[in-house]
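Worksheet: the structure to be examined is printed underneath.
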Amino acid sequence: MRRNAEILIGAQWGDEGKGRVVDALAGQSDVIVRYQGGANAGHTVIVGGEEYVFHILPSGMLYTGKLCIIGNGVVIDPEQLLSELQGLQQEGKDRARLLISRDAHVVFPYHKTLDGADEVFRGKEHVIGTTKRGIGPCYVDKYNRTGITMGDLTNPDVLREKLSRNLKKVNLLLARIYSLNPLPFDTMYQNALEVGTKLAPYLGDASLEVNKALGEGKKVLLEGAQGTLLDVDFGTYPYVTSSNPTAAGACIGTGVGPTKIDRVIGVVKAYCTRVGEGPFPTEDCGEEGEGLRQKGGEYGATTGRPRRCGWLDMVALRYAVRVNGMDSIALTKLDVLSGQKEIRVALKYLVDGEEMCEFIPSASVLEKVEPVYTLLPGWDEDISKCRSFEELPKAAREYVSFIEEVSGVPVQMIGVGPGREETIFRDL
Ligand code: IMP
């Protein structure tokens with residue numbers, strides 16, 4: 001049964017297939033809201049064999065009559081947003097109405113420069129492997145109370161004052177710390193004003209609109225980006241992103257109170273992947289991991305980087321259930337496991353010979369753990385045509401039931417292929 005306000009989060013390290021799940025659920029929603037992150041995300045949606053990758057637009061944009069909102073918690077690269085929007089407009093596929101929070105912060109070119117420079121400065125040993133989309137530096141400005149909002153782009157005087165103040169400091173940093181050339185003010189200011197003018201018709205009060213919709217009994221889907229284990233508070237710090245992809249972030253990033261939330265859906269890939277650096281206890285650097293990468297097409301939708309691949313980690317998943325209050329699972333890419341003789345699943349870790357059953361996200365702890373695997377039987381059948389749970393081969397059903405049992409959360413949706421229709425719904 002579809003409830004009114006639902007949050008959809010990634011339960012692993014991002015790239016769980018949230019875009020396809022949002023797309024599958026958007027048909028039953030009235031409003032779809034992005035609440036954190038920025039163009040570091042890459043939400044892939046495949047409709048009628050055609051692939052769309054949304055970096056900043058909500059994944060509901062292809063549906064006629066929906067309201068798609070970019071909430072205050074998102075950091076927006078306005079040029080990227082405009083080009084994504086214009087791309088859809090040119091194809092006549094911007095079917096939803098778009099509203100952008102005027103309080104969302106703007107990613108400027110200097111944020112991207114700083115993102116890259118910071119990575120070099122960290123050195124090989126401590127590099128995070130960011131997407132270099134300026135996400136971290138933009139959130140730094142926000143929390144340092146020097147950020148520039150989307151609303152500011154429509155006020156030339158305010159923009160001039162804030163941008164010149166920020167650029168003065170950035171250029172000092174670039175010259176004195178990073179030995180890089182300064183960035184010129186004029187072009188950046190003119191470009192920002194120009195995109196601000198083009199995006200002005202879409203700006204508004206996102207929190208007001210979402211709450212109004214909820215008050216009218218409309219169905220709202222809050223779409224998380226990245227994943228729980230990349231959360232700045234709950235992820236494998238410091239190898240995380242700079243926002244809160246966990247469920248609580250949805251309330252902050254949209255201005256919807258926690259009492260309004262009816263359900264938290266966690267998107268879980270049937271195995272695990274990670275892009276960028278940081279601990280990954282169940283990573284498989286051997287042939288089987290490579291097999292998952294090839295079969296699952298595990299290359300970053302934003303950066304094209306090959307994703308690190310490995311096995312489902314139930315220690316981490318139970319943690320994700322806890323910190324998100326997850327009460328429903330959407331399991332994706334189950335079809336990728338077809339043909340796997342046996343499927344490995346980590347149920348606990350060993351650290352210095354001692355058992356560890358609770359996930360401790362700190363990178364320094366996780367780097368030392370060794371997963372203890374259980375082997376489950378695989379299946380050979382192509383499952384992409386299955387449309388009900390009962391049609392799945394016995395071993396696939398058992399794999400799903402095992403996940404439910406260990407996580408304590410029902411699997412209510414199963415992805416058996418990349419397309420919109422390749423989905424099994426179980427009472428969702
Ligand atoms: P940032 O978000 O660009 O600062 O990158 C921080 C970390 O999060 C890096 O390891 C990135 O690879 C990872 N990351 C950021 N966005 C995504 C995403 O959408 N999917 C998967 N990983 C991501």
Side-chain angles (χ1 to χ4, degrees), residues 8-22 34-45 53-59 73-77 80 84 105 107-108 111-122 124 126-143 223-246 249 253 266-269 271-280 283 293 296-310 316 320 332-333 361 363 366-367:
L8 185 128
I9 55 101
Q12 295 152 329
W13 279 285
D15 306 319
E16 298 90 353
K18 293 177 292 296
R20 60 104 62 230
V21 178
V22 173
R34 270 279 309 261
Y35 62 80
Q36 45 68 234
N40 47 351
H43 292 177
T44 307
V45 174
V53 182
F54 296 110
H55 295 286
I56 190 88
L57 285 172
S59 305
V74 177
V75 288
I76 299 176
D77 176 341
Q80 165 76 34
E84 234 168 84
H105 281 243
V107 176
F108 278 89
H111 291 124
K112 291 186 247 181
T113 306
L114 287 175
D115 200 348
D118 274 340
E119 283 281 76
V120 174
F121 195 77
R122 279 182 198 114
K124 268 206 174 86
H126 302 287
V127 78
I128 289 171
T130 75
T131 60
K132 300 202 175 73
R133 297 298 188 270
I135 308 300
C138 184
Y139 279 115
V140 165
D141 275 1
K142 173 173 174 173
Y143 288 98
E223 173 186 6
Q226 290 83 49
T228 302
L229 304 177
L230 288 173
D231 186 285
V232 70
D233 283 271
F234 295 105
T236 54
Y237 195 88
Y239 299 98
V240 292
T241 190
S242 301
S243 67
N244 290 113
T246 44
V267 184
V268 177
K269 185 146 54 181
Y271 49 96
C272 266
T273 60
R274 174 165 202 166
V275 221
E277 302 304 314
F280 179 1
E283 182 170 15
R293 184 177 305 117
E298 297 295 353
Y299 295 87
T302 299
T303 57
R305 289 180 288 179
R307 295 177 185 144
R308 299 156 66 192
C309 295
T332 58
K333 292 195 151 182
L366 277 185
E367 266 148 15

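One-based numbering, in listed order, for ligands and for the atoms of each. Numbers here simply count residues along the sequence, with the first being 1. What you see below is based on every heavy atom in this structure, not just the backbone, and it leaves out hydrogens, waters and symmetry mates.
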Looking at ligand 1, would [X] count as a contact under a 4.0 Å heavy-atom criterion?
X	value
Val240	yes
Gly129	yes
Ala41	yes
Arg274	no

4.5 Å side-chain heavy-atom contact, [X] and [Y]:
X	Y	value
His105	Tyr139	no
Lys132	Lys112	no
Arg308	Thr273	no

Quiz item: Any N or O of Asn40 that comes nearer than 3.5 Å to an N or O of ligand 1?
Solution: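 Indeed, backbone or side chain, Asn40 has an N or O that close.
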Practice problem: Could you say whether the N/O atoms of Gly136 and ligand 1 ever approach to under 3.5 Å? | Solution: no
Could you check which of [options] puts a non-hydrogen atom nearest to [atom]?
atom	options	value
atom 3 (O) of ligand 1	Thr273, Thr241, Thr131	Thr131
atom 16 (N) of ligand 1	Gln226, Lys112, Lys18	Gln226
atom 4 (O) of ligand 1	Ile128, Asp115, Asp15, Thr130	Thr130

Self-check item: Closest approach of His111 to Asp141 (non-hydrogen atoms, all atoms of both residues)
Solution: NE2-OD2, 2.8 Å
Self-check item: Shortest non-hydrogen separation from Ala39 to Arg133 and the atoms involved
Solution: O-CG, 3.6 Å
Quiz item: Which residue supplies the protein heavy atom nearest to atom 14 (N) of ligand 1, what is that atom called, and how far is it?
Solution: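 That would be Leu230 CD1, 3.8 Å.
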Quiz item: In the protein, what heavy atom is nearest to atom 10 (O) of ligand 1, and what distance, to one decimal place, separates them?
Solution: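 Here the nearest protein heavy atom works out to Val275 O, 3.2 Å.
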Quiz item: When you look for heavy atoms under 4.0 Å from ligand 1, do you find them on the side chain of Trp13, its backbone, both, or neither?
Solution: backbone
Practice problem: Answer with side chain, backbone, both or neither: which part of Arg133 has a heavy atom less than 4.0 angstrom from an atom of ligand 1? | Solution: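 Answer for Arg133: neither.
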Exercise. State the OG-CG distance between Ser242 and Asp231, to the nearest 0.5 angstrom.
Key: 10.5 Å
Quiz item: So how far is it from Ile135 CD1 to Thr241 OG1, rounded to the nearest 0.5 Å?
Solution: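 Between Ile135 CD1 and Thr241 OG1, I get 6.5 Å after rounding to 0.5 Å.
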Quiz item: In chain order, what residues pass the ring-ring contact (aromatic ring centres under 6.0 Å, His included) check against Phe280, with sequence neighbours excluded?
Solution: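 For Phe280 the ring-ring contact (aromatic ring centres under 6.0 Å, His included) partners, ignoring immediate neighbours, are Trp13.
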Practice problem: Give the numbers and elements of all ligand 1 atoms closer than 4.0 Å to a heavy atom of Arg305. | Solution: 11 (C), 12 (O)
Quiz item: For Glu298, which of Lys333, Arg305, Arg274 qualifies under salt bridge (charged side-chain N to carboxylate O under 4.0 Å, His left out)?
Solution: Lys333
